[in-house]
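Just so it is clear, the structure is predicted and the values come from calculations on it, not from any experiment. Per chain, numbering begins at 1; letters A, B, ... match sequence-line order.
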Amino acid sequence: MKRMLTVSLLVCVLVALGAGLVLQRTSRADEFTEQDAERWQKEFMVVAQKGRELWVSPKLGTNQVSCAQCHPNGANTHPETYPKFQKQLGRVIGLRDMINWCIMNPMEGKPLKLNDPNMVAIEAYLAYERRGVPLAPGKH
Amino acid sequence: MRHTHMNRRDFLKCAGAVATLPLTTVELAFADADRNFTFAYISDAHIQHIQGTKFVRNWDRGLIRAVAETNLLNPRPDFVVFGGDLAQLGKKEELDHGAEMLSKLNYKMYGVLGEHDYYLDLGEYWSKLYGPHYYSWDHKGVHFITLNSILTYDKWTFERWPSAEQRMNEMAGLDNPNGSPFMVGETQRAWLKKDLAKISQDTPVVLFSHSPIQKIYKGWNFWTEDAEDVQAMLESYKDVTVVYGHVHQIQYNQIGNISFHAVMATAWPWPYPQSYAQAESHLPKLTVPMNRANPFHERDATGWQFIDVNSGRIAMHYNLSDNTNRTVKYNPDIGKPEDSFYQAASRQVAPQQHY
Ligand SMILES: [Fe+2]
Ligand SMILES: [Fe+2]
């Protein structure tokens with residue numbers, strides 16, 4: 001019994017050491033540098049910028065209309081209020097559902113898949129234009 | 001319907017037919033009663049070409065409806081003003097298609113030039129349809145002036161862009177940082193000075209422009225760069241009213257002796273600038289906003305107006321297709337325009353909160 005315990009402890013230590021060695025060669029889970037943070041912010045901005053390009057282009061619809069035509073600077077999209085109840089749909093929906101609703105109706109376009117990179121880009125752009133506004137889930 | 005009384009437009013909405021209700025019960029302030037008159041105002045149709053003979057259905061419907069409803073007005077308005085942005089990208093197809101719809105109006109029409117009509121060919125084709133870019137006329141004792149307020153710096157217009165199409169596209173984006181602030185400009189200001197010199201100080205003046213002749217939010221060109229210069233020229237006249245389009249929303253204000261009234265678009269509504277979290281705007285404190293639009297109702301927060309002229313001032317009646325109509329009227333007791341129903345904070349409703 002005692003011997004078994006020793007062996008399994010030894011195994012544990014070895015495994016942990018091995019994992020530590022591997023991890024050390026990449027990074028520690030809880031550590032990142034300022035350069036990392038800067039790079040990640042840049043990655044975000046690249047996607048938000050792509051969202052802005054989609055925002056002002058007619059590509060999302062079929063009638064040459066763009067989101068920016070009715071929502072300058074993404075105004076009146078209120079991303080901080082989602083998910084929320086939409087009375088016309090009779091249920092709580094996410095921001096992406098509402099983005100699709102506007103694509104399909106005023107822009108007469110096809111809905112995007114919820115994980116479409118263009119969808120993420122639009123969401124990133126709207127969140128960026130709305131930065132600083134406190135979350136207000138459910139607010140109408 | 002919130003109001004206890006019905007005005008003509010509410011009646012029209014219910015009847016869906018020719019209305020025969022009398023004119024609003026405004027006091028007759030001109031000694032001579034037939035100096036009280038009405039005119040209609042339609043604006044910002046943004047007729048947008050897709051390709052071939054196809055145009056954006058939504059914007060077409062807005063203009064068709066405004067024209068049809070205006071034609072039902074009884075008594076007849078003396079004339080109609082179209083407040084600019086007939087086209088979306090200044091194209092001949094768009095101006096022709098829009099002009100054809102406007103030609104169904106049973107009244108004389110005066111045109112105001114919007115930036116969407118102008119920046120492709122600098123208003124050349126628009127002029128073929130509607131004449132000079134700025135002009136004035138007298139009607140029943142009121143001096144009317146139309147300005148082209150959407151000019152900008154020559155450098156931007158004539159030197160910056162490789163093509164006319166690109167210039168048009170850059171100006172068409174409301175929130176485009178490559179745009180340029182609107183202005184009336186020196187030439188027209190000199191003309192305006194001469195034009196005003198011909199009338200007496202107690203002649204009521206009503207001025208039409210596309211952009212507000214006041215500064216509200218530069219980022220979206222709710223702005224006229226030389227607004228103060230134009231205001232100064234109007235300062236000494238007893239009754240001055242400016243009616244403008246471009247902002248696609250209800251706004252009203254009073255600066256000195258000048259009352260300002262904005263009109264709705266027939267095409268689509270715009271957010272109030274304070275809804276843009278990153279910007280500071282100067283929406284007149286006086287303004288009780290229009291209701292937030294419900295996007296599930298295509299025509300919500302669009303509409304057209306008819307205007308009563310009396311006391312040398314105006315009462316602006318907003319005909320809102322999917323909402324309670326509103327009237328913003330000059331109140332001589334307080335010396336500024338106010339909403340006939342919603343002005344008091346206690347009367348305001350939740351959808352008028354914009355954020
Ligand atoms: Fe417009
Ligand atoms: Fe405009």
Just wondering, more than 12 heavy atoms not from F32(A) lying within 6.0 Å of its CZ?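 Atom CZ in F32(A) is not crowded, with 12 or fewer foreign heavy atoms closer than 6.0 Å.
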
Distance-only criterion, 3.5 Å: which donor-acceptor pairs connect chain A and chain B?
from	atom 1	to	atom 2	distance (Å)
R52(A)	NH1	D175(B)	OD2	2.9
R52(A)	NH2	D175(B)	OD1	3.1
Q64(A)	O	Q48(B)	NE2	3.1
Q69(A)	O	W268(B)	NE1	3.0
Q69(A)	O	W270(B)	NE1	2.7
Q69(A)	NE2	Q48(B)	OE1	2.9
N73(A)	N	D175(B)	OD2	2.6
N73(A)	OD1	W220(B)	NE1	2.7
N73(A)	ND2	Y276(B)	OH	3.4
H78(A)	NE2	Y355(B)	O	2.6
Q88(A)	NE2	N294(B)	OD1	3.0
E129(A)	O	Q278(B)	NE2	2.8
E129(A)	OE1	Y276(B)	OH	2.6
R130(A)	NH1	S275(B)	O	3.0
R131(A)	O	Q278(B)	NE2	3.0
H140(A)	O	R292(B)	NH1	3.3
H140(A)	O	Y355(B)	OH	3.3

Among the options V56(A), L89(A), V65(A), pick out the one with the most heavy-atom pairs lying under 4.5 Å from chain B.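 Option with the top pair count is V65(A).
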
Give the member of A277(B), A172(B), P271(B) that has the highest number of heavy-atom pairs under 4.5 Å with chain A. P271(B)

With a 4.5 angstrom heavy-atom cut-off, which part of M98(A) approaches chain B: side chain, backbone, both or neither? side chain

Contact class of L174(B) relative to chain A, heavy atoms under 4.5 angstrom: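 Contact with chain A: side chain only.
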
Given a strict heavy-atom distance threshold of 4.5 Å, which part of P351(B) is in contact with chain A: side chain, backbone, both, or neither? neither

